Peer 1: 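Supplied in structure tokens, the structure appears directly below.
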Amino acid sequence: MERLDKIISNLGYGSRKDVKSFAKKGIIEVDGVIVKDNGMLVDPEKSIIKINGEQILYRKYIYLMMNKPDGVISATHDNKDETVIDLLELEHQVFEPFPVGRLDKDTVGLLLLTNDGELNHRLIAPKWHVDKVYYAKIDKKVDEKDVAAFKNGITLDDGYKCMEAKLEILSNDDNGSDIRVTIQEGKYHQVKRMFEAVDKKVVYLKREEFGGLLLDPTLEEGEYRELTDDELSLLRSY
Ligand code: URA
């Protein structure tokens with residue numbers, strides 16, 4: 001059971017003060033009965049709550065897919081830079097979502113945001129080996145030797161030996177290469193450091209896939225949407 005004003009304001013329908021005035025006006029109904037007490041205890045999973053005759057959509061968790069833009073931090077707070085949370089509408093911010101893992105400030109692409117701590121934990125815990133697929137532009141020509149090195153496990157600058165990674169060369173010219181790489185870990189700056197280990201530099205990095213989920217190609221950088229039920233089941237079953 002939760003307070004009626006807390007349930008309604010957590011869903012983004014207004015502040016607790018707003019809810020108090022809705023109740024006073026007699027526009028809130030719980031299971032068909034007008035409720036004037038904004039502090040009434042209600043089970044939001046069982047009761048039908050209406051405001052102005054319209055049933056509110058109760059949910060505890062939200063799951064968002066964002067195409068993260070360049071220059072934005074994957075965190076909930078930052079003292080100087082804009083964060084991915086700043087890009088959300090208030091109606092989604094009220095759920096207090098957080099990013100699932102991190103992308104660097106200059107990395108773009110698929111970032112999940114949720115307030116479901118358990119799913120977040122399952123997706124980022126090292127033991128689950130969730131596939132992450134990145135598209136990247138590299139400053140030098142990538143060759144089959146690099147593909148083999150990625151397959152054998154790259155050793156990073158701190159001595160950590162990465163798991164096997166699948167490296168595909170998409171195109172190659174004298175100015176560098178376009179590649180796709182699939183990793184299952186999430187070490188700090190991992191893709192960039194893997195290429196540094198073979199004496200190359202990542203000049204553009206975009207995450208295209210996370211845990212079997214594909215970045216929606218209709219999302220412009222900075223845009224986001226809720227996951228569909230199918231996408232959520234896919235993530236849960238991963
Ligand atoms: N690897 C990186 O180097 N940066 C990212 O943002 C993600 C993976």
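On a predicted model such as this, the values are computed, not experimentally measured, just so you know. We count ligands from 1, going down the list as the structure has it; atoms in each ligand are counted the same way. All residue numbers refer to positions in the sequence shown, counting from 1.
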Peer 1: Hydrogens and angles aside, do Ser21 and Asp18 bring a side-chain donor and acceptor to less than 3.5 Å of each other?
Peer 2: no
Peer 1: With no hydrogens and no angle check, do the side chains of Asp230 and Thr228 hold a donor and an acceptor under 3.5 Å apart?
Peer 2: no
Peer 1: Using side-chain contact (heavy atoms from CB on, under 4.5 Å) as the criterion, list what pairs up with Asn152, not counting sequence neighbours.
Peer 2: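 Once residues adjacent in sequence are excluded, Asn152 has no partner under the side-chain contact (heavy atoms from CB on, under 4.5 Å) criterion.
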Peer 1: Which residue pairs pass the ring pair (Phe, Tyr, Trp, His ring centres under 6.0 Å) test when at least one of the two sits in residues 136-173, sequence neighbours left out?
Peer 2: Phe150-Phe195
Peer 1: Quick one: which residue pairs count as a ring pair (Phe, Tyr, Trp, His ring centres under 6.0 Å) with a foot in residues 98-134, not counting sequence neighbours?
Peer 2: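 Sorted result for residues 98-134: empty, none.
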Peer 1: Assess, by modelled atom type and distance only, whether the side chains of Tyr135 and Lys137 contain a donor and an acceptor separated by less than 3.5 Å.
Peer 2: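 Note: Tyr135 and Lys137 side chains meet the donor-acceptor criterion.
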Peer 1: Might you list the protein residues in contact with ligand 1, defined as having a heavy atom under 4.0 Å from one of its atoms, sorted by chain and number?
Peer 2: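 Ligand 1 pocket, heavy atoms under 4.0 Å: Leu103, Asp104, Thr107, Tyr134, His189, Gln190, Val191, Lys192, Leu205.
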